[in-house]
Amino acid sequence: MRFDVLTLFPGIFDGYVRQSLLEDAIQAGIVQVHAWNIRDWTQNKHQRVDDRPFGGGPGMVLSVQPVVDCVAAVRAKAEPPGKVVMLTPAGERLTQRVVERLAGEPRLLLLCGRYEGFDDRIRQLLNPIEISVGDFVCNGGEVPAMVLIDTVIRLLPGVLGDEQSAADESHSEDGRLEYPQYTRPRVYEGLAVPDILLSGNHQAVAKWRREQSELRSRERNKPGDAIAPPGSDS
């Protein structure tokens, strides 16, 4: 699978692609990650890629020309041209079901915003898949792009050492959380590993894990109190 990251700060990805499972997947030829600088496609003589918003307001907006030209040029560098993914707080929430859908694509172009966002004509012209990693705002789309890459590559054959890992972990089913895990030592500061995990009874262990997973999932998904705003008495 190929990821092309379109950003104003490609250097952010230099260290990221040299870490852990992603580096292993790249070395094994399972994954490619290429970072491109949108600024290389600006036609502005001052190398500007943003401008003040029409109608007034704070901040700057990414201009349509360099972004659209960058996407066209990067798409032409390999086949297939790939799907464009716009990382934006206004997008569809990134869930495990969305990750599974994206993992079926051979190539994704990840469009990272900055400043006050994109000129809306970029969205209209490119018709991207719009993705949000949560109901919050980052300084740019680079960290969300890393989140997307991290979640997607786990589902590619050969990336994880044990393919069952992806099947058993949290959110492999909607609303489901993984059971607690333990390793050595058996006792630490008075906290002991549950006896059932030391029993050697695989059926009993599997039953305990299912029960613990269901318990965690119910606790996580039950309605809770809203978080009180700062300065409140709650």
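Keep in mind it's a predicted model, so treat the numbers as computed, not measured.
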Lys/Arg-Asp/Glu bridge criterion (N-O < 4.0 Å) met for Glu214, Arg210 | no
Cluster check Val137, Met86: I/L/V/M/F/W/Y, side chain < 4.5 angstrom = no
For the student: nearest non-hydrogen atoms of Gly91 and Ser132, plus distance = O-CB, 3.6 Å
Do you reckon Leu197 sits in the same ILVMFWY cluster as Leu215, going by side-chain contacts under 4.5 Å, direct or chained?
-> no
Under the side chain to side chain contact (heavy atoms under 4.5 Å, CB included) criterion, do Leu6 and Leu110 qualify, and how do the steps go?
-> CA-CA 6 Å; Leu6 283 55; Leu110 307 183; over 6 Å; no
For Gln203, does the CD atom have more than 12 heavy-atom neighbours from other residues, nucleotides or ligands under 6.0 Å away?
-> no
Would you say Leu156 and Val31 make side-chain contact, with heavy atoms under 4.5 Å?
-> yes
Arg39 versus Leu8: any side-chain heavy-atom pair under 4.5 Å?
-> yes
Which heavy atom in Asp119 sits nearest to a heavy atom in Val61, and how many Å separate them?
-> N-CG1, 3.3 Å
Separation of Met60 CE from Asp51 CG (nearest 0.5 Å) | 5.0 Å
Between Leu198 and Arg186, is any pair of side-chain heavy atoms under 4.5 Å apart?
-> yes
Can you tell if the side chain of Ile38 reaches within under 4.5 Å of the side chain of Leu111, non-hydrogen atoms only?
-> yes
Check: Arg209 and Gln181 side chains under 4.5 Å, non-hydrogen atoms | yes
Please tell me if the side chains of Phe3 and Leu148 come closer than 4.5 Å, counting only heavy atoms from C-beta onward.
-> yes
Let me see the working for Leu22 and Tyr16 under side chain to side chain contact (heavy atoms under 4.5 Å, CB included), right down to the final yes or no.
-> CA-CA 8 Å; Leu22 178 56; Tyr16 170 64; 3.4 Å; yes
Looking at OG1 of Thr151 and CG of Leu102, how far apart are the two atoms once the value is rounded to the nearest 0.5 Å?
-> 7.5 Å
Please say whether more than 12 non-hydrogen atoms of neighbouring residues, nucleotides or ligands are located less than 6.0 Å from CZ in Arg52.
-> no
Heavy-atom side-chain contact between Met1 and Leu108 under 4.5 Å | yes
Hey, what do you get for CZ (Arg2) to NZ (Lys77), rounding to the nearest 0.5 Å?
-> 9.0 Å
In terms of heavy-atom contacts, does CG of Asp195 have more than 12 from other residues, nucleotides or ligands at under 6.0 Å?
-> no
Is there a path of hydrophobic side-chain contacts, each under 4.5 Å between heavy atoms of I, L, V, M, F, W or Y residues, that connects Phe136 with Val147?
-> yes
Parallel, tilted or perpendicular: rings of Tyr182 and Trp208 (30°, 60°) = tilted
Residue pair Pro53 / Glu116, side-chain heavy-atom distance below 4.5 Å | no
Looking at OG of Ser217 and CD of Glu178, how far apart are the two atoms once the value is rounded to the nearest 0.5 Å?
-> 10.5 Å
Heavy-atom pair of closest approach, residues Arg107 and Ala78 | NH1-O, 2.9 Å
Might you point out which heavy atoms bring Ile129 and Lys83 nearest each other, and give the distance in Å?
-> CD1-CB, 4.1 Å
Phe9 and Glu142 have their tightest heavy-atom pair at CD1-OE2, 4.1 Å
Determine, step by step, whether Arg216 and Tyr179 satisfy the side chain to side chain contact (heavy atoms under 4.5 Å, CB included) criterion, reporting the C-alpha distance in whole Å, the side-chain angles of both residues, the deciding distance to 0.1 Å, and the verdict.
-> CA-CA 7 Å; Arg216 276 189 164 186; Tyr179 47 80; 5.9 Å; no
Does atom CG of Asp120 have more than 12 heavy-atom neighbours from other groups under 6.0 Å away?
-> yes
Taking all heavy atoms of Trp41 and all of Pro66, pick out the closest pair and write down the distance.
-> CB-O, 3.8 Å
Is there a donor-acceptor pair closer than 3.5 Å between any side-chain N or O of Arg18 and the backbone N or O of Asp14?
-> yes
With no hydrogens and no angle check, is any side-chain donor or acceptor of Ser63 less than 3.5 Å from a backbone partner on Gln65?
-> no
Separation between CZ (Arg114) and CG (Asp50), nearest 0.5 Å, reads 12.0 Å
Any salt bridge between Asp135 and Arg93, counting N to O under 4.0 Å?
-> yes
Got a second to check how far Ile153's CD1 is from Ser20's OG, nearest 0.5 Å?
-> 8.0 Å
Determine, stepwise, if the pair Glu92 / Val98 fulfils side chain to side chain contact (heavy atoms under 4.5 Å, CB included).
-> CA-CA 9 Å; Glu92 177 183 7; Val98 174; 3.3 Å; yes
